[in-house]
Amino acid sequence: MSMVFDLQWILYTGAIGLIAIGLVGIIWSRHLFRIILSLAIAEAGANLMLVIAGYRLHGHAPIMVAGVWPEQMVDPVPQAMVLTAIVIGVGIQALALSLAIRVKEAYHSLDIDEIRAAMQADIDAQAGVTGDLSQEEPSGREVIGPTVAAEEGRS
Amino acid sequence: MRNLTSPLFAAGLAFFLLVVVAEFEPGAAPMVVGQAILQEAPETTGTANIVTAVVLGYRGIDTLGEIAILFTASLVAGLVLERRGGKRQAQAPAGNVLRISTQLLFPLMLVIGFYIILHGHLTPGGGFQGGVILAAAFFLPLLARPGIQVRHFGLAVTEGLAGSAFIVIGLIALFQGGAFLQPLFGTGSPGQLLSAGSLPILYLVLGLKVGAELAGLLAHLVYEGSET
Amino acid sequence: MIWITGLLVVVMLLAALAVIFFNNHVAAVAAASVVSLALSVLFLLLKAPDVAMTEAAVGAGLSSLILALALRRLGLTQTGAASATDEREKNR
């Protein structure tokens, strides 16, 4: 029994480890390409989790062969779901990569901080705002918030 | 700050998931729906591979949604990457080994791809796996002869016809008094190549669609700006 | 069964860590492919041959191909130590 128990825990550790590592990669990385790779890792962990959920001890593959009865087979429903999820995953990955290629062409960088700064500058320029009109002033200054406008409207 | 918070967050999530998982009895999950499908699938659909029965029969609309997602992803990727008048990347010509082995591998990969698709209702495999192999087979000439022109029109026609055929087969089942995408033409004898009614046709159509979409995606990625 | 499962899980998790921590992008793509390959063998051990075939064909094959093509389009294909230092300087 303990042997069996260990097998399940090894599998769960693998699946949850993949999800956790993928999430760390998504949050931690500053490079767009690395974020896309981490997304694929997290997705693989989720797929493994689903397949484990349908697994039964000493089960057989859900394919009709002589000498195997339906009662002995593992659950086919999670397997079918994972089958579609994997193919969707590669489509999403290709979409993300093509967007990354366009970002690289537009901003000549793949570092998310640089891209964010460049995008913010572009948005500001299009809206006709200069950078120092930000509402998030350094500490110690009064924030120009909606309260001022509300009081003016009331008076 | 970000350096510290993300591992902490992930460790917390992993701990939470482990606690949830510890509640389950290992390896003996209840499978009410799964057991019912396992019991009745061979009689009602005639497939030996029950995963195929689930993918195309019991959850056929899911599969339709899945190919819709794949189509959208491939469409948007093509839209984003395509630029008119773009210049092709200069590529070094392929070596002898690649060119000759491509000629050798191309027919073999076609045969294996169609074999996997057409035996999807009997053995592991089916439209997704075979479609990916078909896409890889059609990508090989692009690697071997870098200057080759990609016929995006042909790919689009294949993809559109295959997608329409999937829906039309579903609609025929609907108008024959059944449900949308219900298996047609009886079950045949399970284990034979010509069995399981319309499911092998659906899988063939699905394989062609997946293959054409992924091949188009690869062709868009390989060239700097591909003309339509 | 339990030993090969444990070995596969260890290989998979190490490769997943390598995806995050390798500086070289080509090496990271190769590590992601290793994750998929180990995962597909795990699926086979879990009696899911359909999923195993899909993961081997899509995850380890086509996905790596797409990633490699995207690497070329992104101009990140330089291998070796020089590119790693370049990348670090660029990220700084």
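Reckoned from all heavy atoms, side chains included, excluding hydrogens, waters and symmetry mates. Residue numbers start from 1 in every chain, and the chains themselves are labelled A, B, ... in the order their sequence lines are given, proteins ahead of strands.
Among the candidates I86(A), I88(A), L97(A), I92(A), the residue making the largest number of heavy-atom pairs closer than 4.5 Å to chain B is I88(A).
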>> With side-chain contact (heavy atoms from CB on, under 4.5 Å) as the criterion, how do V51(A) and Y55(A) come out once you've worked through the C-alpha distance, each side chain's angles and the decisive distance to 0.1 Å?
In response: CA-CA 6 Å; V51(A) 171; Y55(A) 180 64; 5.8 Å; no
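Across every non-hydrogen atom of I36(A) and A100(A), the tightest pair is CD1-CB, 4.1 Å. Across all non-hydrogen atoms, the minimal contact from Y107(A) to A118(A) is CD2-CB, 3.5 Å. Minimum interatomic distance between G163(B) and K209(B) (heavy atoms only, all atoms of both residues): CA-CD, 3.6 Å. For the residue pair I37(B) and P76(A), the shortest heavy atom distance occurs at CG2-CG, 4.5 Å. Shortest non-hydrogen contact noted between L218(B) and A135(B) is CD1-O, 4.5 Å. Among all heavy-atom pairs drawn from A46(A) and I19(A), the shortest one is N-CG1, 3.8 Å.
Contacts between I101(A) and chain B at a heavy-atom distance below 4.5 Å involve the side chain alone, from C-beta outward. For chain A, the nearby part of F9(B) is the side chain; its heavy atoms alone come within less than 4.5 Å. Interface remark: N49(B) contributes backbone and side-chain atoms alike to the contact with chain A (heavy atom separation under 4.5 Å). For Q129(B), the part lying near chain A is the side chain, with the backbone staying farther off; criterion is any non-hydrogen pair under 4.5 Å. Heavy atoms closer than 4.5 Å to chain A are found in both the backbone and the side chain of L17(B).
Of residues 68-76 of chain B, those residues with a non-hydrogen atom less than 4.5 Å from any non-hydrogen atom of chain A are, in numerical order, I69(B), L70(B), A73(B), V76(B).
For the side-chain hydrogen bond (donor to acceptor under 3.5 Å, both in side chains) condition, no pair includes a residue of residues 39-48 of chain A, sequence neighbours left out.
Although no hydrogens or angles enter the test, the distance criterion places no donor-acceptor pair under 3.5 Å between the side chain of S29(A) and the main chain of H31(A).
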